Novice: 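Just dropping this structure here.
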Number of protein chains: 4
Amino acid sequence: MKGLRDKTDQILKAAVTVFVKKGLQATTQEIAKEADVAEVTLYRKFATKQNLFITVIKHVLENQFNSHVMKLANEGNTEYFFKSIIENRLEVLSKNTPLVKMLISESLMGNLTEEIDLPNIIFTSLKHGLDHHFDEEDVNTELCARQLGGIFLSHIVLPNQHPFHTLDRMEKDKLVEKYAKSLKVLI
Amino acid sequence: MKGLRDKTDQILKAAVTVFVKKGLQATTQEIAKEADVAEVTLYRKFATKQNLFITVIKHVLENQFNSHVMKLANEGNTEYFFKSIIENRLEVLSKNTPLVKMLISESLMGNLTEEIDLPNIIFTSLKHGLDHHFDEEDVNTELCARQLGGIFLSHIVLPNQHPFHTLDRMEKDKLVEKYAKSLKVLI
Amino acid sequence: MKGLRDKTDQILKAAVTVFVKKGLQATTQEIAKEADVAEVTLYRKFATKQNLFITVIKHVLENQFNSHVMKLANEGNTEYFFKSIIENRLEVLSKNTPLVKMLISESLMGNLTEEIDLPNIIFTSLKHGLDHHFDEEDVNTELCARQLGGIFLSHIVLPNQHPFHTLDRMEKDKLVEKYAKSLKVLI
Amino acid sequence: MKGLRDKTDQILKAAVTVFVKKGLQATTQEIAKEADVAEVTLYRKFATKQNLFITVIKHVLENQFNSHVMKLANEGNTEYFFKSIIENRLEVLSKNTPLVKMLISESLMGNLTEEIDLPNIIFTSLKHGLDHHFDEEDVNTELCARQLGGIFLSHIVLPNQHPFHTLDRMEKDKLVEKYAKSLKVLI
DNA sequence: AATGAATGAGAATTCATTCAT
DNA sequence: AATGAATGAATTCTCATTCAT
């Protein structure tokens with residue numbers, strides 16, 4: 001049962017590792033080496049480096065960043081809704097800092113297509129969630145989404161000695177509550 | 001009246017343009033072409049691409065980003081202090097979006113030395129300003145600085161149809177006031 | 001039947017030619033051209049110019065300079081031993097004058113690692129052979145080896161209208177005999 | 001009284017230093033730096049690197065290698081004549097090992113014109129001295145000169161832990177005597 | 001006489017990608 | 001399906017030398 005899927009998986013795994021570390025600058029040589037596969041094999045399977053990159057990133061985004069903003073948006077209680085989103089997203093982003101950093105970096109240089117442009121995806125999904133939650137109400141969801149995004153970015157981009165996911169329960173709760181409160185002020 | 005300073009300036013100007021567009025990936029060839037100068041001339045004057053980059057960026061940061069956080073920090077009124085910082089930084093960052101994007105991008109990939117690592121610089125200077133302002137008081141300035149940084153980042157990194165510096169007076173005031181209020185909640 | 005080993009051999013052959021003519025100064029471009037191969041191909045196969053050089057020289061030294069000093073050292077008769085070494089080494093060195101010149105030249109400039117440093121190799125192997133031959137006896141083998149080396153060098157480095165290998169049988173015998181006799185005086 | 005001659009001397013001194021260390025590969029930049037002079041100044045004064053090299057080397061050869069072979073050749077006693085030459089040349093060469101190595105190296109690569117081709121000069125002057133000394137006699141001066149040259153070369157080119165000029169009086173005498181005796185065998 | 005500025009020509013090396021097997 | 005071999009196009013950087021002052 002070896003071969004086929006096997007090598008493809010090897011490549012995908014290796015590609016994540018290497019792309020996360022070096023971004024699009026990563027060379028196919030490095031990836032091939034990490035995957036223990038001939039360089040050409042990448043090309044047989046993915047045609048171009050670009051394509052390999054997109055495939056890999058799509059894969060990861062689907063598996064690890066699948067946001068449930070929409071589900072949470074149904075929650076009636078706004079504060080709870082805010083807290084849920086904040087905690088959930090901070091947790092996920094914080095756990096994937098290297099990948100997130102790389103994606104933001106590439107996004108800023110305009111190297112990403114829409115479907116894998118993480119900042120865009122985050123902002124858009126937040127906006128949609130907020131629009132859904134506040135439905136008829138007159139709330140500036142754009143500003144709100146931006147503020148939420150800013151909170152997330154501040155944890156990734158700015159120096160941070162205590163990544164969110166390493167905090168204990170109480171610290172998390174306290175922080176999330178503060179963020180939620182400061183958000184409500186904007187409404 | 002030509003010569004001397006001339007070519008150096010040509011190079012510096014061209015280098016900003018090209019580096020802003022492409023980051024460290026920019027080639028010395030491109031820069032030389034943009035500067036209408038032989039490629040070697042860059043090397044005679046700046047020895048390495050890295051060095052040219054650092055020189056150029058330092059220059060720009062000193063001239064265009066010189067923050068007055070410290071001066072503003074002397075302001076007694078906290079709300080006014082917040083509003084001043086927010087408005088001032090948003091204005092500057094917003095006016096230099098392409099450069100800022102590039103610097104954040106390179107910072108995220110770990111390509112910048114401390115002295116030109118913009119996110120670091122911003123966070124640190126905010127922190128110091130806040131420490132100064134709140135002196136004896138028991139305020140979580142780290143959180144505060146992070147939140148401020150997050151606000152700035154949200155305007156640069158997230159999709160933004162209305163850059164801050166293009167807003168009219170009233171829109172700016174409104175926005176800044178909201179941010180300031182939401183900040184005060186964190187104290 | 002082409003391909004594979006083919007290009008590698010082409011490169012090796014071309015590299016010898018060019019390196020012999022120009023030493024380490026030879027450019028990979030020249031070598032590639034001489035080998036009728038793309039320049040990159042050298043790098044794919046040998047990674048660096050240095051490495052190509054070392055590989056090539058090791059190869060040649062093994063194939064063409066393999067000294068039998070040790071075997072000859074077993075000979076009981078000292079005069080015969082001397083004559084054998086002298087004739088054999090002069091013959092080989094004389095037949096490879098251009099290569100030998102280049103190697104001595106690079107050696108003198110300190111560009112060679114021990115394993116391909118011909119003067120060193122020659123002196124050391126002579127010394128060992130003499131030590132073996134004279135075993136218990138009290139002979140200044142260092143001086144002896146130096147004198148032998150000097151004889152060889154004098155044929156390579158000094159102007160020489162009649163390279164050893166172009167002499168006829170009788171001339172060779174006479175010359176070798178003289179050298180052997182002069183050597184015995186040193187013992 | 002500064003200027004003029006001053007700078008020229010600075011350059012010449014620096015050039016020796018650098019050329020001795022690196023041979024013709026030395027760059028004019030290095031030399032200029034060592035001489036604390038602008039690079040162009042070299043060109044003003046010496047037109048090309050080649051020319052600077054030749055000038056410098058001629059200078060040194062005249063001042064430090066001026067052989068007195070001819071004077072010694074008048075000596076009637078052959079053994080004393082031999083010993084004088086050997087001692088004198090070994091002393092001089094040994095004291096200038098780095099320079100001599102460089103010159104032999106460049107000579108071997110065919111980079112020297114006749115007037116500064118040290119191996120050639122040595123061999124020729126030895127030959128002339130011997131021809132003069134042995135005048136009418138039927139001596140193979142070519143062989144003799146070669147053997148002498150070989151002795152000198154063996155001290156420069158082969159590994160040598162005890163350079164001749166560092167030996168004490170007795171060691172020198174012993175060595176020189178041996179060489180002289182072995183030489184006489186060739187006559 | 002001396003120099004700061006500038007450069008054309010090359011050098012080693014890397015990279016994404018194609019070809020032949 | 002997988003790969004070893006090969007490459008054109010770039011990339012950073014160096015060097016001897018000329019120009020203008």
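Residue numbering restarts at 1 for every chain, and letters A, B, ... go by the order of the sequence lines. Every value quoted in this text rests on a predicted model; they were computed, and no experiment measured them.
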Novice: Which nucleotide sits closest to the side chain of D/Arg44: E/dA16, F/dA20, F/dC13?
Specialist: F/dA20

Novice: Hey, does the side chain of B/Glu106 reach the backbone of B/Leu24 with a donor-acceptor pair shorter than 3.5 angstrom?
Specialist: yes

Novice: Please pick, from F/dT14, F/dC19, E/dC15, the nucleotide with the shortest atom-to-atom distance to any side-chain atom of B/Val40.
Specialist: F/dT14

Novice: Please classify the nucleic acid contact of C/Gln29 as base, sugar-phosphate, or nothing, using heavy-atom distances under 4.0 Å.
Specialist: sugar-phosphate

Novice: Could you tell me which nucleotide pairs with F/dT21 by Watson-Crick or G-U wobble geometry, both distances under 3.5 Å, or answer none if nothing does?
Specialist: E/dA2

Novice: Nearest-Å distance, CG (C/Leu52) to P (E/dA11)?
Specialist: 15 Å

Novice: With a non-hydrogen cut-off below 4.0 angstrom, is D/Ala26 in contact with a base, only sugar-phosphate, or nothing?
Specialist: sugar-phosphate

Novice: Quiz question: by atom type and distance under 3.5 Å, do the side chains of C/Ser107 and C/Asn111 form a donor-acceptor pair?
Specialist: no

Novice: What's A/Ala47 touching, base or sugar-phosphate or nothing? Going by heavy atoms closer than 4.0 Å.
Specialist: nothing

Novice: Could you state the OH-P distance from D/Tyr43 to E/dG4, rounded to the nearest angstrom?
Specialist: 16 Å

Novice: Return whichever of A/Thr41 or B/Thr27 has its heavy-atom-nearest nucleotide of DNA chain F closer to the 5' end.
Specialist: A/Thr41

Novice: Please report the distance, rounded to the nearest Å, between NZ in B/Lys7 and P in F/dC19.
Specialist: 15 Å

Novice: Given atom NZ of B/Lys45 and atom C1' of E/dA5, what is their separation to the nearest angstrom?
Specialist: 6 Å

Novice: For D/Lys49 and F/dT14, what is the distance between atoms NZ and P respectively, to the nearest whole Å?
Specialist: 15 Å

Novice: Find which nucleotide of DNA chain F each of A/Val37 and D/Glu30 is nearest to by heavy atoms, and output the residue with the more 5' nucleotide.
Specialist: A/Val37

Novice: Identify which nucleotide among F/dC13, E/dT17, E/dA12 has an atom closest to any side-chain atom of A/Thr28, counting heavy atoms from C-beta outward.
Specialist: E/dT17

Novice: Mark yes when over 12 heavy atoms from residues, nucleotides or ligands other than C/Asp36 sit less than 6.0 Å from its CG; otherwise mark no.
Specialist: no

Novice: Let's go through B/Arg44 and D/Glu39 carefully: what are the C-alpha distance in whole Å and the side-chain angles of both, what is the deciding distance for salt bridge (Lys or Arg N to Asp or Glu O under 4.0 Å) to 0.1 Å, and is it a yes or a no?
Specialist: CA-CA 13 Å; B/Arg44 265 290 196 207; D/Glu39 212 177 336; 3.1 Å; yes

Novice: If we ignore angles and hydrogens, is there a donor and acceptor under 3.5 Å between the side chains of D/Thr8 and D/Lys45?
Specialist: yes

Novice: E/dA1 P sits how many Å from D/Phe46 CZ, rounded?
Specialist: 13 Å

Novice: Over how many whole Å does the gap from D/Glu39 atom CD to E/dT7 atom P extend?
Specialist: 16 Å

Novice: Between atom CG in B/Leu42 and atom P in F/dT14, what is the gap in whole Å?
Specialist: 13 Å

